[in-house]
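Below is one structure, written out as structure tokens, with a few remarks after it.
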Amino acid sequence: MARFAGGKAPYLRIADQPGQGTNVVMRDFLIGLLPVVLFAWYKNGIQVYLDGNIAIMEMFYPFVFILLGGLSSLLMEGLSFYITDKENRSLKGLMKRLHTSFSLIPGLILALLLPLYTPVWVLLFGAFMASIVAKMLFGGFGHNIFNPALLGYLAVGFTLSGVIAAAGGALNASEVLVDTYAGATPLGILAATKQIDYQTLVAPYGNLWNFLLGTIPGALGETGALAIIIAYIWFSVRKVIKWSTPLIYIGTVFALSWLIGIFAGDAGIWFPTYSILSGGVMFGAVYMATEPVTTPKNPWGKVVFALFLGALTVLFRFIGNFPEGVGTSLIVMNMFTMPIDNLTAQMRSAGLRKATFVKGGLLVVLLGALIAYALFKASTIYSLSIITRIFLQGVM
Amino acid sequence: MKAFFANKGSLALLIVPLLVIFIFGGVYSRYMTAQVEVHAEEERIRQEEEAERQFALELMTMFPEATEIEKRTVASVEKSYIIPGKAGANPEDFFSPIVKKSYLVSDASTDIGVIYVIESHGNKSGLVLVFAIEFATNSITGIQVLEHNETDTAAYFRKLGTEFYAQFDDLAFDVPVLVVDAVAGATYSSRGFEIATLYAREQYAADFDFVIPVVLVEANDIDYNLDPDTFADYPFVADITYGTEAKNAVVYLALDFSFAAMASGTDDLSDFEKLEIKNLASQAGLSTLSYFSSYDAETRTVVMQAKGYVTRYTIQVTFVINEDLTAIESYSVLSRETYDSEYNELYTGPGVPYVESKMITQYRNGESIDTIAGASAKTEPAILSLIDLFDRFLGSLGGGE
Amino acid sequence: MILQKARGIRIDGAKSMSKTSPLREYLDPKVVYIPLVQQTFPLKRLVEPGESVAIGQIVAMREGFTEMPVHASVSGKIAAIKKVWHASGRMVEAIEIENDFLNRYDPAVKPEKDPEALTPEQLIEKMKQAGLVGLGGAGFPTYRKYCTKCAIDTIIINAVECEPYMTCDCLQVEKTPEKLLKGLRYFMKAAGATRGFIAYKDYNAGIREALEPLLPHYPGTSLFALNDRYPAGWEKYIVESVVGKTYQKLPSEIGVIVNNSATAIAFADMVEDNLPLVRRVITITGEGITSPQNFHVPLGTKVQDLVAMSGGYKEGLDPKNAWYLAGGPMTGRAILVDELVVSDTLGAVVVLPMPAEKLHPECLGCGQCADVCPVHLTPTEIKRALDRKDLKAIGSLNADKCMACGLCSYVCPSHIEIADYVAKAKESLKKGA
């Protein structure tokens with residue numbers, strides 16, 4: 001019947017127009033990865049080579065490493081298709097399925113999340129966790145609950161971080177020469193010292209411009225804030241991502257970090273700036289908090305998701321002993337994607353009704369409680385002034 | 001085969017690249033990790049070189065007008081010295097200083113000097129000194145102590161004060177005998193400096209166009225003076241050839257080998273030559289532990305002294321030789337040795353002069369001279385030396401007939 | 001903005017194609033087919049083959065709640081009762097009238113002596129007798145809108161024409177602005193309304209230029225420009241934009257009636273000349289047409305004739321492998337043959353080459369469907385609820401609000417028929433409730 005009618009209304013589709021459609025979205029996404037990939041290559045390969053600290057063979061490694069990540073992800077997904085789908089074992093059939101599965105992306109992003117000196121077998125393990133476990137076992141593209149790359153990253157991080165450290169870790173051949181780096185990323189210092197102090201946190205790495213440019217130690221892709229911002233602009237212009245989500249997320253982290261800074265007695269704008277520029281906040285905001293499959297689909301849901309994500313990131317980052325809060329909070333929020341989507345979809349379609357306000361109120365209370373808890377805990381950790389502590393205790 | 005590829009072609013196409021990634025990527029990342037070590041090593045070397053450069057630049061300041069310093073390879077001259085404080089009796093008592101580093105220093109136009117870093121031996125080994133030597137004057141312009149293991153207290157090494165170090169300022173190499181005055185209390189350290197200085201000159205002479213002024217003294221024979229007429233005053237006699245004209249002379253030497261008097265020839269020896277004679281004599285292996293006091297030809301009585309343990313009193317032995325002048329007729333010992341003290345109260349035999357008498361008796365009887373249990377430090381060498389000297393004297397008397 | 005209500009999106013209207021050619025009269029087709037169906041209601045045939053009919057003569061009756069007559073559009077002889085393709089996408093029975101080219105009019109078709117003297121009741125009766133239906137595409141009998149118990153104070157003429165490719169309304173308004181305003185005045189009178197708005201898209205400067213000088217002669221009327229957005233022509237959207245109020249089911253709840261501009265023009269003819277609904281303007285356009293244009297034609301004209309007059313199909317178009325989109329690409333239907341006849345609801349035929357088979361990747365989750373939805377639905381969630389057959393969830397997601405604008409499918413990068421899923425959900429809700 002459908003064939004008889006020759007399709008369904010509407011007969012105009014954006015996707016049919018040249019320069020539109022899923023493939024174009026994917027192409028745009030890959031282009032958006034380019035600044036970060038190139039920056040990672042520049043920072044960990046080309047610049048180090050120009051400094052004269054590595055041989056030319058080593059210069060290509062960051063780029064090759066990232067490519068291998070994407071490629072292994074692609075091949076693993078192909079294998080998975082080969083095994084599960086007996087009908088389409090021909091090369092053509094596989095290509096077609098891979099074409100619509102965005103199979104390159106988990107491995108590429110995973111590679112960007114890993115430190116430079118990650119052994120390739122660790123990368124392959126991560127790609128397996130990402131592509132096979134986190135994606136294909138959930139039913140393939142569009143059905144996964146968790147961000148595949150992130151799950152792969154966490155799997156590697158929780159089991160093989162020692163291996164990575166033994167193989168050389170995150171510092172490239174130029175960075176190991178800088179005595180002040182002391183083998184730690186900026187967030188590592190915060191987690192270790194629990195001190196909010198410009199001299200401790202920022203000064204060893206120069207100034208905050210370095211944080212923006214990304215010339216600080218860290219995983220391959222996460223440090224280049226400027227490159228990520230360029231990618232963000234590209235994505236927003238090309239409408240690959242919803243432009244507001246990263247802003248809300250980063251804004252939340254910024255505001256809460258500022259509050260924590262104020263509580264700890266340093267109201268300088270440097271601290272929240274440091275907070276959003278270090279670690280994976282930027283990368284997570286642009287590449288992961290906007291990952292369409294595992295985040296809410298409707299606009300309100302995206303806002304709620306970003307707000308909660310920001311609060312959780314701050315909570316995990318400043319309270320836990322792990323330096324990085326972005327990955328964990330993203331995985332946690334991935335689990336809540338469906339409920340959030342459902343709830344906000346109802347609220348949004350119902351319009352300004354009583355039920356909407358009740359549900360909205362519930363969300364606000366939850367978020368408020370989360371933020372209050374985060375601030376309270378942070379205030380007990382980061383030596384806050386007595387008056388604010390009493391005030392907070394009174395409130396709590 | 002063809003059928004296999006038709007069926008499994010796509011499978012192979014998936015697995016083979018994965019394997020390639022695994023192997024190629026694995027090798028690549030192993031290479032990267034290995035390179036980490038390599039770079040660390042490179043960096044270590046680089047830092048060492050940098051430190052070296054800084055060190056050299058610092059050394060360069062020893063020449064005020066220097067603008068450039070360049071490391072030069074150097075082959076250490078092989079030369080042994082007696083370790084300060086050692087007698088030089090055993091091979092272990094000697095050491096060879098080495099040149100650890102050397103730099104060529106130049107100003108805008110020419111090379112102006114050389115720097116040697118020399119490891120010498122003071123009270124302990126590892127006394128490393130830096131000598132700056134100027135080409136123009138062939139003299140030391142400065143000295144630095146780089147490292148040492150001396151006893152670094154006010155009582156010892158720190159006694160080497162400004163005055164001591166001032167000796168090295170413009171210390172010319174162009175002299176026949178180079179002397180560094182020792183500082184009391186730090187004699188071994190002083191001697192270490194002296195050896196280093198002498199060695200620096202040897203090295204300098206070997207490396208550059210410099211000849212150490214020498215005292216031309218050749219020892220034809222240096223021996224104990226067995227002539228009863230003079231041997232009480234001059235224990236040693238040396239037959240030497242000296243000077244550029246190769247003059248011959250026989251000289252008498254005092255107990256400390258210093259020049260005492262001319263036996264024949266005219267006394268036109270220079271002080272350096274006399275010092276050289278002393279130097280040669282002290283290396284001739286002659287013992288200073290015993291010497292003659294007098295000889296009476298009538299009674300054939302010879303009186304000898306030996307330096308034993310007690311330094312205040314010598315051991316005096318009086319021999320009466322038989323008429324044939326071939327053997328001891330009788331002897332007497334006058335000794336104030338204190339065996340108990342000498343042998344850390346390990347000596348349990350009879351009292352003084354048991355040891356002396358026993359040894360001399362054994363000698364007289366032609367027996368082999370036994371070592372006295374627990375008594376070989378001072379008394380025994382002294383008596384052995386005395387017996388040896390007496391034996392030579394006896395030989396000379398017999399030979400004279 | 002994020003929280004601001006979605007206002008639809010801008011769609012490339014592709015209107016310039018047919019807009020540049022003038023409106024052509026083609027009142028004498030050789031043969032016309034009057035379909036014996038309106039909307040989904042079958043009509044009762046009143047004539048037999050062999051009979052002779054005049055223009056405006058009643059040939060069939062619509063029965064029931066929306067009872068009204070249907071008229072012959074040309075004069076001639078009833079040739080046969082045949083099945084023809086209808087705009088609804090089905091083959092329906094139709095009365096074939098062979099044109100005798102005499103242009104005989106039914107005696108009832110004569111100028112009204114004093115149109116201004118007609119009472120509202122008389123005007124509404126005229127609507128009914130003339131068989132006036134909404135010409136915008138819905139085909140709902142106009143008189144029913146006016147038989148409302150609610151007090152009406154505002155009439156809005158919808159000249160927005162937000163459907164891409166379509167230009168028939170715009171051209172007709174530009175050509176006969178006077179008639180439009182007259183029609184509006186009669187509508188206002190029929191409803192007792194004091195205000196009359198003509199809503200149009202702001203870029204249609206031609207409409208403004210044509211209407212603005214005439215407005216002073218028609219008290220109570222004014223123009224209202226809307227942004228170029230799809231679906232700006234949606235009734236609810238227009239009402240909300242013009243009067244600033246929203247309603248639940250019908251605009252009459254808040255005293256508003258919305259009529260299409262073509263309907264108003266037809267009504268002016270009815271009132272002044274007693275000419276029933278026998279003609280309309282249709283856009284023949286699309287990438288498959290050599291020179292797209294608009295035709296003023298009798299109802300029942302064969303589309304094939306119009307295509308031929310438009311220069312035929314473009315070279316390279318395979319007529320067997322093309323879409324004939326009846327009513328426009330967004331809300332219309334795809335007919336696979338061009339043997340279609342012009343009917344009251346057929347405002348345009350868009351001929352497009354059929355696209356090649358599309359890729360259907362999984363839902364990306366981009367959320368663009370939710371972004372563009374004019375009623376703020378989240379289609380992905382509705383689809384999920386539908387997959388679970390969870391009626392309660394569908395209900396709480398307000399799927400019944402869907403107005404089938406098709407934007408969600410339009411924007412979907414993965415070619416998912418998401419609008420169809422929402423329609424199914426809406427249907428299941430109706431069945432379940």
Side-chain angles (χ1 to χ4, degrees), chain A residues 2-17 20-26 96 99-102 139-143 239-245 247-248 290-303 337-338 341-351 355, chain C residues 1-3 6 11-12 14 89 164-165 323 325 328-336 350 352 354-355 358-371 373 375-382 384-385 393 396-399 401 404-407 409-415 417 419-420:
Chain A
R3 183 73 193 93
F4 176 70
K8 295 191 176 91
Y11 298 93
L12 283 183
R13 298 292 170 91
I14 286 184
D16 287 336
Q17 294 164 13
Q20 297 288 347
T22 308
N23 289 329
V24 180
V25 173
M26 167 146 157
K96 205 173 153 191
H99 199 55
T100 57
S101 171
F102 299 82
F141 179 78
H143 300 284
K239 295 206 168 66
V240 176
I241 64 167
K242 185 90 178 164
W243 62 271
S244 54
T245 315
L247 285 192
I248 295 170
T290 56
E291 201 271 337
V293 175
T294 57
T295 61
K297 280 138 198 84
N298 87 77
W300 289 22
K302 287 179 186 189
V303 174
T337 291
M338 278 202 199
D341 217 4
N342 200 296
L343 192 66
T344 50
Q346 289 176 19
M347 286 164 60
R348 184 164 172 269
S349 60
Chain C
M1 286 297 291
I2 325 150
L3 294 172
I11 290 179
D12 176 19
Y165 288 94
W323 269 343
L325 301 174
M330 293 300 285
T331 54
R333 273 168 198 281
I335 317 283
L336 293 180
V350 181
L352 296 177
M354 211 185 284
K358 301 162 176 178
L359 278 175
H360 286 277
E362 291 287 341
C363 171
L364 273 179
C366 61
Q368 291 204 45
C369 46
D371 269 2
C373 182
V375 286
H376 313 117
L377 300 179
T378 305
T380 48
E381 283 298 300
I382 294 173
R384 218 148 57 83
S396 64
L397 289 164
N398 297 297
K401 278 191 171 181
C405 65
L407 269 185
S409 287
Y410 171 72
V411 296
C412 182
S414 297
H415 292 109
E417 304 293 354
D420 199 50

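All values below were derived from every heavy atom in this structure, side-chain atoms included, with hydrogens, water molecules and symmetry-related copies excluded.
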**OP:** Among the options G328(C), C412(C), P329(C), pick out the one with the most heavy-atom pairs lying under 4.5 Å from chain A.
**Re:** P329(C)

Subject >> V25(A) versus chain C, the contacting section by heavy-atom distance below 4.5 Å >> reply: side chain

Original post:
Based on non-hydrogen pairs under 4.5 Å, which of T380(C), D420(C), L352(C) is most in contact with chain A?
Top reply: D420(C)

Original post:
If you count heavy-atom pairs under 4.5 Å with chain A, which of C405(C), P379(C), S409(C), G367(C) comes out on top?
Top reply: S409(C)

Original post:
Who among H143(A), M347(A), K239(A) has the most heavy-atom pairs with chain C under 4.5 Å?
Top reply: H143(A)

Subject >> Set of residues satisfying ring-ring contact (aromatic ring centres under 6.0 Å, His included) with respect to Y410(C), sequence neighbours excluded >> reply: none

**OP:** Measure S396(C) against the heavy atoms of chain A and call it side chain, backbone, both or neither at under 4.5 Å.
**Re:** both

**OP:** For E381(C), check side chain to side chain contact (heavy atoms under 4.5 Å, CB included) against everything at least two apart and list the hits.
**Re:** D341(A), N342(A), A345(A), T378(C), R384(C), L397(C)

Original post:
Of all of P296(A), A350(A), G142(A), which one pairs up most often with chain C through heavy atoms under 4.5 Å apart?
Top reply: A350(A)

**OP:** Below 4.5 Å from any heavy atom of chain C, which atoms of M338(A) appear? Answer side chain, backbone, both or neither.
**Re:** both

Original post:
Nearest 0.5 Å, what's the SG-CZ distance between C373(C) and R348(A)?
Top reply: 6.5 Å

Subject >> Heavy-atom pair with the smallest gap, counting every atom of A370(C) and P299(A) >> reply: CB-CD, 3.8 Å

**OP:** With rounding to the nearest 0.5 Å, note down the distance linking CG in L377(C) to CD in Q346(A).
**Re:** 12.0 Å

